[in-house]
Colleague: 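One structure, as structure tokens, below. Some questions next.
Computed from heavy atoms alone, side chains included, the values below leave out hydrogens, waters and symmetry copies. In what follows, every chain begins at residue 1, and chains take the letters A, B, ... in the order their sequences are listed.
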Amino acid sequence: MIDIKALRAESEKYIRGARLKRINVDIPALLDLDAKLMNASRELQEIRTAQNQAGKDIAQLAGDQKKQAIAKMAELKARAKQLGDMVTQLEPQFNEQMLLVPQPPAPEVPEGKDDTENVQLRVEGELPKFDFEPKDHVQLGESLDIIDIPRGVKLAGSRNYVLKGAGAMLHYAILRLAVDQMLAKGYTLLNVPVLVNESVMYGTGYFPTGREQAYLAERDSLSLVGTAEVPVTAYHSDEILEESQLPRKYIAMSTCFRREAGAAGKDTYGLYRIHIFDKVEQVVIGPNDEQRSIELHQEILRNSEDVLKALELPYRVVNVCSGDLGQGQVQKFDIETWMPSRKNYGETHSASRFHEFQARRLNLRYRGQDGKVRYCHTLNNTVIASPRILIPVLEMYQNADGTVTVPKALRKYMNEMTIIKPAS
RNA sequence: GGAGAGGUGGCUGAGUGGCUGAAAGCGACGGUUUGCUAAACCGUUGUACGGACUAAUCCCCGUACCCCGGGUUCGAAUCCCGGCCUCUCCGCCA
């Protein structure tokens, strides 16, 4: 959510921001609505003042004077009703529009229309050279009997899968490695609800825009989250934290649910784009300080890179361009891990900073050293998401004989297994 | 799922129609006292929006908020209706 005062004062900045993000929103119309609403509520407030005064008078008066005062009150009440109706009519329209205004991108965000115009910042690790014909993760998964896509589809439809035996062990080992690395860095582990209230979906900015992407439990007005970012960021909503307690650094592992509406036919092969997966997510709630946010953004980016380094996977970091940014994001860095079968880097992580955007919607604030209350800044990044990360893990660690070597960092989480072989 | 109780400020907890934005206590903050700390004493202590004045997001004035939304009333924290949530007992259950 954008500060309406800022929107009034610097509407050009927000109009430009929306254009850069390729998001359609009529800001002049919104400001017009705002002015009307403001006039009505100002007058309503004056009427209320008069009503309150009349109420006090009535308590003191008697006889004719009292009757007159009560008659006066009736007039005020009628006018208040008119204005109140106007406000109840305008306010929902205003709120609805306000929820659509995007946070302008940071100046350091490259201009561009979509993900093809993201800018590569750096490349880490060596690309593999196979001296045999490498298999893709689906072929490996089948021949090793550790991934069962047909039965996943049987159970839950397209874009579903079953991890089996060493495949499932690998999945949990990776998640556990990620959790342990983050715990070592002092992040607090949370276990959170994945079925949440609508207000939480709105608060984190996934509703109303992303409603199509969420599975809804409509009977109970609850939504399945697409990421633990949602419940974790909302964890302190409606609270006022102390500045001395910031930044709050959290991680949570959760199952993530995504409808992938509109992605029909896209990335249909294998474990890349699936409806249900597990992810360790990091969320930082920081003070309202742009420089601090930039530093924290770098920190959460490094945290994820450290996981990929532990897994010894090659990756690159890209600075996501304006047209590929979400509504609330000020800046986003994606980490893309090398996926041999795709002969390309594929997105495995996404690190965003939001400034106050989510905090305003969530009413997430803190009291500064100076005693003033301000909105927090929020940030988040994937620590690891599996099974998408199994694509590079399996494909990079495959051997000529069709086996897969278990990455060293994972062995202690896999009962010291060193190699995944076909069951014989 | 059934029965009951209840949701008041950072916390505990008064308040059943106007004198209550809200007693009292605790906590926190400022001050006095004090080798230091503690204790004692004095004072301050919600949020949002609007107005006026400004260097000021400080003061000042006003409005709203005692879970949320409606209603009754000249007037609602207080009465009525609906919803949400919490607790207790029973039932069911991973």
Colleague: So what does A:Asn52 hit on the nucleic acid, given a heavy-atom distance under 4.0 Å: a base, only sugar-phosphate, or nothing?
Modeller: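 Sugar-phosphate, no base atom in range.
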Colleague: Using the C1' atom as the point on both nucleotides, what is the distance between B:A14 and B:C66, in whole Å?
Modeller: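 Going atom to atom, C1' in each nucleotide, I get 12 Å.
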Colleague: When you measure from the side-chain N and O atoms of A:Lys56 to the phosphate of B:C74, is any distance below 4.0 Å, counting only OP1 and OP2?
Modeller: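 Answer no for this pair, as no side-chain N or O of A:Lys56 is under 4.0 Å from OP1 or OP2.
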Colleague: Hey, can you tell me if A:Tyr269 and A:His137 have their rings parallel, tilted or perpendicular (30° and 60° cut-offs)?
Modeller: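 A:Tyr269 and A:His137: perpendicular rings.
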Colleague: In whole Å, measure the gap between the P atoms of B:C89 and B:U45 for me.
Modeller: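 Roughly 42 Å separates the two P atoms.
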Colleague: Considering just the side-chain nitrogens and oxygens of A:Lys372, establish if one lies under 4.0 Å of OP1 or OP2 belonging to B:U47.
Modeller: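 For A:Lys372, the contact criterion (side-chain N or O under 4.0 Å from OP1 or OP2 of B:U47) is not met.
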Colleague: Could you state the interatomic distance from CG (A:Leu390) to CD1 (A:Ile384), rounded to the nearest 0.5 Å?
Modeller: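 If we round to the nearest 0.5 Å, A:Leu390:CG and A:Ile384:CD1 are 9.5 Å apart.
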Colleague: For atom P, what is the distance between B:G51 and B:G6, given to the nearest Å?
Modeller: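 Between the two P atoms, the distance is 43 Å.
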Colleague: Nearest whole angstrom, please: distance from the P of B:A48 to the CE of A:Met38.
Modeller: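 Result: 15 Å.
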Colleague: Take A:Phe207 and A:Glu198, measure what side-chain contact (heavy atoms from CB on, under 4.5 Å) needs, and give me the verdict at the end.
Modeller: CA-CA 8 Å; A:Phe207 281 7; A:Glu198 296 242 321; 3.9 Å; yes
Colleague: When you measure from the side-chain N and O atoms of A:Asn39 to the phosphate of B:G50, is any distance below 4.0 Å, counting only OP1 and OP2?
Modeller: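 Checking B:G50 against A:Asn39, no side-chain N or O comes under 4.0 Å of OP1 or OP2.
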Colleague: Considering only B:U63, B:G50, B:U73, which nucleotide approaches the side chain of A:Lys77 most closely?
Modeller: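 The nucleotide sitting nearest to the side chain is B:U73.
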Colleague: Verify the contact: side-chain N or O of A:Arg365 to OP1 or OP2 of B:U47, cut-off strictly under 4.0 Å; return yes or no.
Modeller: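 Negative; the distance criterion is not met.
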Colleague: Taking atom P in both B:C11 and B:U47, compute the distance separating them and give it to the nearest angstrom.
Modeller: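 Going atom to atom, P in each nucleotide, I get 13 Å.
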Colleague: Mind checking A:Arg367 for me? I need base, sugar-phosphate or nothing, with any heavy atom below 4.0 Å counting as a touch.
Modeller: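 Sugar-phosphate: the residue A:Arg367, judged by heavy atoms under 4.0 Å, touches backbone atoms but no base.
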Colleague: Could you pick out which residue, A:Thr88 or A:Gln45, lies toward the 5' side of RNA chain B when each is mapped onto its nearest nucleotide?
Modeller: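 Closest to the 5' end, via its nearest nucleotide, is A:Gln45.
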Colleague: Quick one: on RNA chain B, does A:Lys5 or A:Gln53 contact a more 5' nucleotide (nearest heavy atom)?
Modeller: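 Between the two, 5'-proximity favours A:Lys5.
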Colleague: Does B:C65 have a Watson-Crick or wobble mate here (both distances under 3.5 Å), and if so which one?
Modeller: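 Partner of B:C65: B:G46.
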Colleague: Kindly compute the distance separating CD1 (A:Ile146) from CG (A:Leu140), expressed to the nearest 0.5 Å.
Modeller: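 With rounding to 0.5 Å, CD1 (A:Ile146) is 7.5 Å from CG (A:Leu140).
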Colleague: Go through B:C74, B:U63, B:G51 for me and flag the one nearest to the A:Arg42 side chain.
Modeller: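 The closest nucleotide is B:G51.
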Colleague: Using modelled atom types and a 3.5 Å cut-off, is there a donor and acceptor pairing between side-chain atoms of A:Ser322 and backbone atoms of A:Leu20?
Modeller: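 Here the side-chain-to-backbone pair exists.
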Colleague: Given B:U63, B:G75, B:G50, identify the nucleotide with an atom nearest to the side chain of A:Met73.
Modeller: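 Closest nucleotide to the A:Met73 side chain: B:G75.
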Colleague: Taking only the C1' atom of each, what is the distance from B:G17 to B:U73 in whole angstrom?
Modeller: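 Result for the C1' pair: 9 Å, nearest Å.
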Colleague: List the steps, then state whether side-chain contact (heavy atoms from CB on, under 4.5 Å) holds for A:Tyr161 with A:Arg151.
Modeller: CA-CA 7 Å; A:Tyr161 59 90; A:Arg151 287 196 180 87; over 6 Å; no
Colleague: Can you check the distance between B:G18 and B:U78, where both ends of the measurement are the C1' atom (answer in whole Å)?
Modeller: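 The answer is 11 Å between these two C1' atoms.
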Colleague: How long is the line joining CG of A:Asp370 and C1' of B:G30, in whole Å?
Modeller: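 These atoms are roughly 16 Å apart.
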Colleague: Measuring only the P atom in each nucleotide, how far is B:G15 from B:G1? A whole number of Å is fine.
Modeller: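 My reading of the P atoms in B:G15 and B:G1 gives 34 Å.
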Colleague: Paired with B:U72: which nucleotide, if any, by Watson-Crick or G-U wobble criteria at under 3.5 Å for both distances?
Modeller: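 With both distances under 3.5 Å required, B:U72 matches none.
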Colleague: Would you mind pulling out the nucleotide paired to B:G1, Watson-Crick or G-U wobble, both distances under 3.5 Å?
Modeller: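 B:G1 is paired with B:C90.
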Colleague: Pairing check on B:U32: which nucleotide meets the Watson-Crick or G-U wobble criteria with it, both distances under 3.5 Å?
Modeller: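 Answer to the pairing question: B:A40, which forms a Watson-Crick or G-U pair with B:U32.
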Colleague: State which of B:A48, B:U63, B:C74 makes the closest approach to the side chain of A:Val373.
Modeller: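 Selected nucleotide: B:A48.
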